[in-house]
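The structure appears right after this line, and notes come after that.
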Amino acid sequence: MATTRIRGGVHPRYYKGLSADLPIERAGLPKRLEIPLSQHLGLPANPVVSKGDLVQPGDLIAEAPKLISANVHSPVAGKVRGIVQKPLPGGRMCDYVEIQVDEEATEAHEWQPQEVEIDTITPEALAKLFRDAGIVGMGGATFPTDVKFSPPPNVTLDVFILNAAECEPYLTCDNRIMIEHTKEVLRGIELAHAALRFDRVIIGVEKNKPEAIKALRKAIDEFVSPVAPPFELHELDVLYPQGAEKVLIQTTTGRTVPAGKLPFDVGAIAANVQTMFALYEAAYLGKPLVDRVVTVSGAGIPQPRNVRAAIGTPVTALAEMCGGIQETTTKVVAGGPMTGTALPSLDYSVTKGFSGLLFFTNAEYPDESPCIHCGSCVDVCPMRLMPLKLAAYAKAEKFEEAKATNLMDCFECGSCAWACPSNIKIVSWIKYAKNSVRVKGI
Ligand code: SF4
Ligand code: SF4
């Protein structure tokens, strides 16, 4: 299938071989889960449990208050120890529900299959399914999916795109799901198609995932459905940030989402592999979003893996499962190396948007030195921005100037930082400036 080539972009070293061929393993249940109530964009969920309450797997522990928010559920049987305030990765403070896991519960709960009448599902029923299950964009954006899949009345969506690019180095969790749960991902897409009836259903996957492409081709060929999603498999060039939503839409459809606009505005909607897998599980197993697959990798961990972990599992428990943290580790990142967030300590837990847990040594994540004005960051920016200027404005706290230099059009892909010979953490500075613009109401 022909694709449009993006402007800019980079070819980082991918290091996907560290974990790409390893089957998903289940993380054991830790003694205690710490579950943040703001794992999504929008308002935090409101707790509906208190200290001492007993919970069962799938019980609602915090309810979405308004339109843009997401429910939170317990992955386990256990007892609520309390609700505490702690920072999220990125620094914002948040309430966490602490659950003491039942001593009898040593493995993840087995969910029971249920019937789905696929050809009667409505857009409202789809949105309710997403909302009740607390599903958010699991590629890292964490936008509540009930809102994403509820277009305004004046909008016609004609294209669905499965974002299967997984273009971040190191990350292979979506790749493994495409290989091991191919049919389930397609069934999730079928549900969305049944409700919204797209003209095109595109699966965009980078060419560096041959096993996933083979599995998808076979599953599409064998797929029998009363609503017959019109699947198209697009094999994409390996080029970062191919999986950025606006880039993917342009590459697969030729449509440009203008600055400040949403995919809705060009009739498109895109969702990540794990998001559609979560939709399948919500519909066919009655399972809310209580776990996810995380790629644990990097030179600072002896046994990289893809681990299916309960939401709220401590970072330290995942590290132990992968052989423990090497002394040479200098940086721990939640998410991918290009767009992820450096963790200031290990006192964090797995959230719905936690695609990776990466342990880096100084060789992979060196200290920064002064800008030499080489222009490399400008050359690779897919949004035609001036990353060096944005970083300089952020450092000088000149947020109005940064905003006037199109700061808010940056989608934080990290290409500029990767290309920078001075290892300047440009994206961290841009994130800081964007946050300041929002907080100060500039
Ligand atoms: S400025 Fe933003 S959009 Fe441009 S390369 Fe850097 S992170 Fe990507
Ligand atoms: S790539 Fe780095 S060193 Fe070169 S101009 Fe941009 S910020 Fe400066």
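Counting convention: from 1, in listed order, for ligands and their atoms alike.
E327 CD: 12 or fewer foreign heavy atoms inside a 6.0 Å radius.
Here I430 has side-chain heavy atoms under 4.0 Å from ligand 1, and that is the only part of it that gets that close.
Annotation: salt bridge (charged side-chain N to carboxylate O under 4.0 Å, His left out) contacts involving residues 429-442, sequence neighbours excluded, comprise E412-K434. Residue pairs meeting the ring pair (Phe, Tyr, Trp, His ring centres under 6.0 Å) criterion with at least one member in residues 387-410, sequence neighbours excluded: F399-Y432.
Per-residue contacts place G414 under 4.0 angstrom from the following atoms of ligand 1 (heavy atoms of the residue considered): 7 (S), 8 (Fe).
The closest heavy-atom contact to atom 5 (S) of ligand 2, among the options C381, A392, G375, comes from G375. Considering only non-hydrogen atoms, atom 3 (S) of ligand 1 lies nearest to F411 out of W418, F411, W429.
Considering N175, L162, L233 in turn, L233 is the only one that fulfils the side-chain contact (heavy atoms from CB on, under 4.5 Å) rule with V205. Considering S349, P87, S38 as possible partners of Y96, the one that fulfils the side-chain contact (heavy atoms from CB on, under 4.5 Å) test is S349.
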Using distance only, find each side-chain donor-acceptor pair of residues 146-155 under 3.5 Å and give its atom names and separation, not counting sequence neighbours.
from, atom 1, to, atom 2, distance (Å)
D146, OD2, R131, NH1, 2.9
K148, NZ, E245, OE2, 2.9
K148, NZ, A270, O, 2.6
S150, OG, D146, O, 2.5

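With rounding to the nearest 0.5 angstrom, the CG atom of L357 is 12.0 Å from the CE atom of M321. Here the straight-line distance linking atom NZ of K352 with atom CD of Q274 works out to 13.0 Å at 0.5 Å rounding.
Protein atoms that are N, O or S and lie under 2.8 Å from atom 2 (Fe) of ligand 2 are these: C420 SG.
Looking at atom 8 (Fe) of ligand 1, its nearest protein heavy atom turns out to be C413 SG, 2.3 Å. For atom 2 (Fe) of ligand 1, the closest heavy atom belonging to the protein is C410 SG, 2.4 Å.
For the residue pair L41 and I68, the shortest heavy atom distance occurs at O-CG2, 3.6 Å.
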